[in-house]
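What follows is a short report on a single structure.
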Amino acid sequence: MTSPDLQAEGARRADEFLALLTADDPAADAFLEQVTEVRDLVFLGAALTAIARAEGRALPTAQRAQASTRQVLLGQLRDAQRREPAGLRTWLRRSGEEILFIRSLHAAAARLPG
C-alpha cells in the first residue's frame, strides 16, 4: 500500500510545479531537476495525471476524447522512460503542459457567450 505521506508530497509537488510552469519556465525546469529519486518523480507524475484526468472530464465530449488520447500517449512516454530520471522529467514537463492546455480550453469556453 502507498503511504499517504508520499501521495501528499506528490500532490504538493504537483501544485508547486504547475504554479512555476504557469509563471516561469526556467524555474519549473529547475524544480524538476531537484527531484532526483525515480520514486519521487513517479509520485509527482501520478499527481499530475490525476489533475489532468479530473480537469479533462469537465471538457466537452470531443475535447475530452482528445485529452484522453493525449493521456494514453503520455503514459507510453512514461513507460518508455521508466527508469531514467531525465526521461521521466520530460514526461512530467509534458504532463504539466497538458494540464495548462486543458485549463486554457476551460478558460476559452468560459469566455464564449451563452
Check for me, please, whether [X] and [Y] land in the same ILVMFWY cluster - side-chain distances under 4.5 Å, paths through other members count.
X      : Y     : value
Val35  : Leu74 : yes
Leu6   : Phe17 : no
Phe101 : Leu92 : no

Which heavy atom of [X] sits nearest a heavy atom of [Y], and at what distance?
X      : Y     : value
Ile51  : Ala14 : CD1-CB, 4.2 Å
Ile102 : Arg70 : CG1-NH2, 4.4 Å
Arg64  : Gly56 : CG-O, 3.5 Å
Arg93  : Asp29 : NH1-OD1, 2.8 Å
Pro85  : Thr36 : CG-O, 4.3 Å
Trp91  : Leu41 : CZ3-O, 4.0 Å

**OP:** Dump the intermediate steps for side-chain contact (heavy atoms from CB on, under 4.5 Å) on Leu48 and Leu18, then the final yes or no.
**Re:** CA-CA 9 Å; Leu48 291 172; Leu18 289 171; 3.9 Å; yes

Rounded distance (nearest 0.5 Å) linking atom [atom1] of [X] with atom [atom2] of [Y]:
X     : Y      : atom1 : atom2 : answer
Leu77 : Ser95  : CG    : OG    : 7.5 Å
Glu98 : Thr49  : CD    : OG1   : 10.0 Å
Leu21 : Leu100 : CG    : CG    : 4.5 Å
Gln71 : Arg78  : CD    : CZ    : 9.5 Å
Thr22 : Ile99  : OG1   : CD1   : 9.5 Å
Arg53 : Ser68  : CZ    : OG    : 6.0 Å

Original post:
For Asp24, what residues pass the salt bridge (Lys or Arg N to Asp or Glu O under 4.0 Å) criterion, not counting sequence neighbours?
Top reply: none

Subject >> Derivation and outcome, side-chain contact (heavy atoms from CB on, under 4.5 Å), residues Gln7 and Phe43 >> reply: CA-CA 6 Å; Gln7 290 177 336; Phe43 275 102; 4.2 Å; yes

**OP:** May I ask you to check whether over 12 heavy atoms, not counting those of Arg94, lie within 6.0 Å of atom CZ?
**Re:** no

**OP:** Might you work through the salt bridge (Lys or Arg N to Asp or Glu O under 4.0 Å) test for Arg12 and Asp15, ending with a clear yes or no?
**Re:** CA-CA 5 Å; Arg12 184 198 63 74; Asp15 290 340; over 6 Å; no

**OP:** Please determine if Arg13 and Asp40 form a salt bridge, counting it only when a charged side-chain N lies under 4.0 Å from a carboxylate O.
**Re:** yes

